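One structure below.
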Amino acid sequence: MLDIKLIREQPEVVRAGLRRKGDDPAQVDALLAVDERRRALIKEVEALKAERNAVSKEISKMKDKDEREAKIAAMREVGDRIAELDREAGEAEAEFSRLMLWLPNLPHPDVPDGTTEHDNVVVRVEGAQRQFDFTPKPHWELGEALGIIDFERGVKLSGTRFFVLKGAGSRLQRALISWMLDVHTQQHGYSEITPPYVVKEEVLVGTGNLPRFGENLFKIEGADLTLIPTAEVPVTNLYREEILEASQLPIYHVAYTPCWRNEQMSAGRDVRGIKRVYQFDKVEMVKFVTPETSYAELTTLIDNAEDICKGLGVPYRLLRLCTADLGTATMKYDLELWAPGVEEWLEVSSCSNFESYQSRRANLRYRPEPGAKPEFLHTLNGSGLALPRVMIAIIENYQQADGSIIVPEVLRPYMGGLEVIR
RNA sequence: GGGGGCGUGGCAGAGUGGUCGUAAUGCGUUCGUCUUGAAAACGAAAGGCCCUUAACCGGGCCCGUGGGUUCGAAUCCCACCGCCCCCUCCA
C-alpha cells in the first residue's frame, strides 16, 4: 500500500510510476475522488456525533421531564441521521480500501525501464561453465536412472507437476536445507523460524499476494486458509499489527518451508523435470529494517544468497529486474544458476526491497525513538535458495559420464560423508 | 467432540446503562523534588487510529472482533475469534 498523502500531494509522481510499470495511471484519479467523498462524510458524521455526545451529557443532568423528552426525541433523529451517514462513510471507506490495496508499489528511480523480462539487466556472471567431454544430460534423465526422482509416482499420487524424491535424492535435498539454514543462521546472522504452512486471507493481503495476485494460490476447501506460496508470507506477517522498538531492528529471519503454487501455464512449457512444479521446498530470508537502511540491507541480502551459490560451486548470474518484472517490490534482483543439461539459467532467488508497501498493508510499525510516533518499517526478502532448481543445477553440473553425480563438498558432512550418488 | 469459566491500558485488576470515570487502584516505565550517588518517600507524565491544522488547539473512534437494542453501551442482546479448567479423543 502506498501512502495516501503521497497520492494526494504528488499524484503526478504516482501516475508516472504506474506508467513505468505499464499500469493504469487513472487509478490515481479514482482513488482521489473516493478519498474526497470519504473525508467529507467523516467530517459530517463526526460533527453530529460531537453534538450527540454533548446533548447526551446534558440529558443525564436534566430534571424537567418535558424538556428531557424533547431532547431525547431530537437526538433520536440525530441518531438516525448518524446511522445513515455511518453507512455511507463505511461504503466509501470500503471502496477506498479496495482501491488502495489494488494499487501496486512504485518502482525505485534506479530500476531500469522495461516491458518484458528481456529488459532485465545482467549485472554480473560468476563462475566458469564446466567444459564437458560428453553431452550433459538433463536432470530428469539422470534422476530417474539413479532412482532419486520419481515422476510417474508423483503424478499417480497428486497429478501433473508433482514429483517424489527418493533415497539419495531426498537426502540431498535435506542436506541442502540444513546447510543453507546453517549458513544463514551461523554466518549471516539470521534467526530461524518455523511458521505455519497455511495462512488466513489477511496475511496474504499483508504481503501483497492478495487481492491482485491470487490466481496461483491453493485454497483449502472447507476452511478459510490458503497454502503458503512462500515463507515470505507468514514470516513477513509475523509482527503484523505490532509496534516494534527501534532497538529491536534490524530483525533477520530465515525459514525453511514447503511452498505451493498453482501455476497457470501454457501446456507444453517446462513440462519435464522439476523446474516448475506445484509444490516445492525453499529457504527464505526476511528482513525488517528501518527505512534509511533498506537499500544497504538489500545489498547484503543479495550477498547472503550469493554465498550459497558460491558455496555450491555452480556458475550463476545476477540480474537487475526491470519495471515490468518487479511484482510488488520497489527494486528486485534475481539470481540464476546455470544448468548445463537443460542449457538454461534457472531462477533460484529473488531479492526484493518492498520499502513500506508491505508494512502498511500488514500494519507493521516501529518506534524510531522511545515516545516517538510509530512509523512503518521496511521489509525485504530473498530466497536462499529455492530447492528444486538448486537440485537441478547440482545434478546437471556435477554429473559424470556414467550418470553418477558428485556431491558438492559443502554438503558431504550433511550426507554422512557420501561423495558420489550412483 | 461435551460441559464450565474468562477476554478492560506495558502488566495485574476494579468497574453490570448516564454522574464517581479524563477507565479506579496497584505494579512497572519516564521525568522532577530530595541525595555526593543510589534507594526510599513525595509530585507529575505517559496509548493507538481517523478528520482538521503549517503547527498548536479542536473533534470522532477504540475495553477481543463484528452486528444489534438505546437519546446514550466497557456494562444489555446475538454471532464469531481467542484463552483457561474438567471430561473425551489423540500424534
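In what follows, chains are A, B, ... by sequence order, proteins preceding strands, each numbered from 1. Computed from a predicted structure; not experimentally measured.
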Okay, side chain of [X], backbone of [Y]: is any donor-acceptor separation there less than 3.5 Å?
X        : Y        : result
A:Arg389 : A:Lys275 : yes
A:Arg52  : A:Met75  : no
A:His188 : A:Tyr190 : no
A:Glu396 : A:Pro138 : no
A:Ser349 : A:Gly384 : no

Output field dot_bracket for RNA chain B (Watson-Crick or G-U, both distances under 3.5 Å, | for other-strand pairs) contains ((((((((.[[[..)..(......]]].(((((.......))))).(((((......))))).[[[[[..)....]]]]])))))))....
- Message: With a cut-off of less than 4.0 Å, is there a side-chain N or O of A:Asn53 near OP1 or OP2 of B:G59?
- Response: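 Looking at the OP1 and OP2 atoms of B:G59, neither is under 4.0 Å from any side-chain N or O of A:Asn53.
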Rounded interatomic separation in angstrom, taking [atom1] from [X] and [atom2] from [N]:
X        : N     : atom1 : atom2 : result
A:Asp86  : B:C61 : CG    : C1'   : 10 Å
A:Glu241 : B:U65 : CD    : P     : 11 Å
A:Glu245 : B:U29 : CD    : C1'   : 12 Å
A:Lys49  : B:G59 : NZ    : P     : 15 Å
A:Leu41  : B:G60 : CG    : P     : 18 Å
A:Phe376 : B:G48 : CZ    : P     : 13 Å
A:Glu51  : B:G72 : CD    : P     : 13 Å
A:Glu369 : B:U30 : CD    : C1'   : 15 Å

### Message
Pair A:Glu232, A:Lys282 - check salt bridge (charged side-chain N to carboxylate O under 4.0 Å, His left out), show working.
### Response
CA-CA 10 Å; A:Glu232 167 198 351; A:Lys282 181 159 63 64; over 6 Å; no
Using the salt bridge (charged side-chain N to carboxylate O under 4.0 Å, His left out) rule, collect all pairs that involve residues 182-210 of chain A, keeping only residues at least two apart or in two chains.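 Output for this query is empty, none listed.
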Could you tell me how far [M] sits from [N] if I compare only their [atom1] atoms? Round to whole Å.
N     : M     : atom1 : result
B:G7  : B:C63 : C1'   : 10 Å
B:U70 : B:C80 : P     : 23 Å
B:C62 : B:A74 : C1'   : 11 Å
B:U22 : B:C6  : C1'   : 28 Å
B:U36 : B:G48 : P     : 38 Å
B:C42 : B:C27 : P     : 9 Å
B:U19 : B:G13 : C1'   : 23 Å
B:G68 : B:C49 : P     : 26 Å

Per-nt protein contacts along nucleotides 49-58 of chain B (heavy atom under 4.0 Å; B base, S backbone sugar-phosphate only, - none) come out as SBSS------
Does either side chain, that of [X] or that of [Y], offer a donor lying less than 3.5 Å from an acceptor on the other one?
X        : Y        : value
A:Gln399 : A:Glu141 : no
A:Ser359 : A:Ser356 : no
A:Asn304 : A:Tyr252 : no

>> Quick check: on RNA chain B, is the nucleotide nearest A:Arg76 upstream (toward 5') of the one nearest A:Ile243, or the reverse? Name the residue that is more 5'.
In response: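 Closest to the 5' end, via its nearest nucleotide, is A:Ile243.
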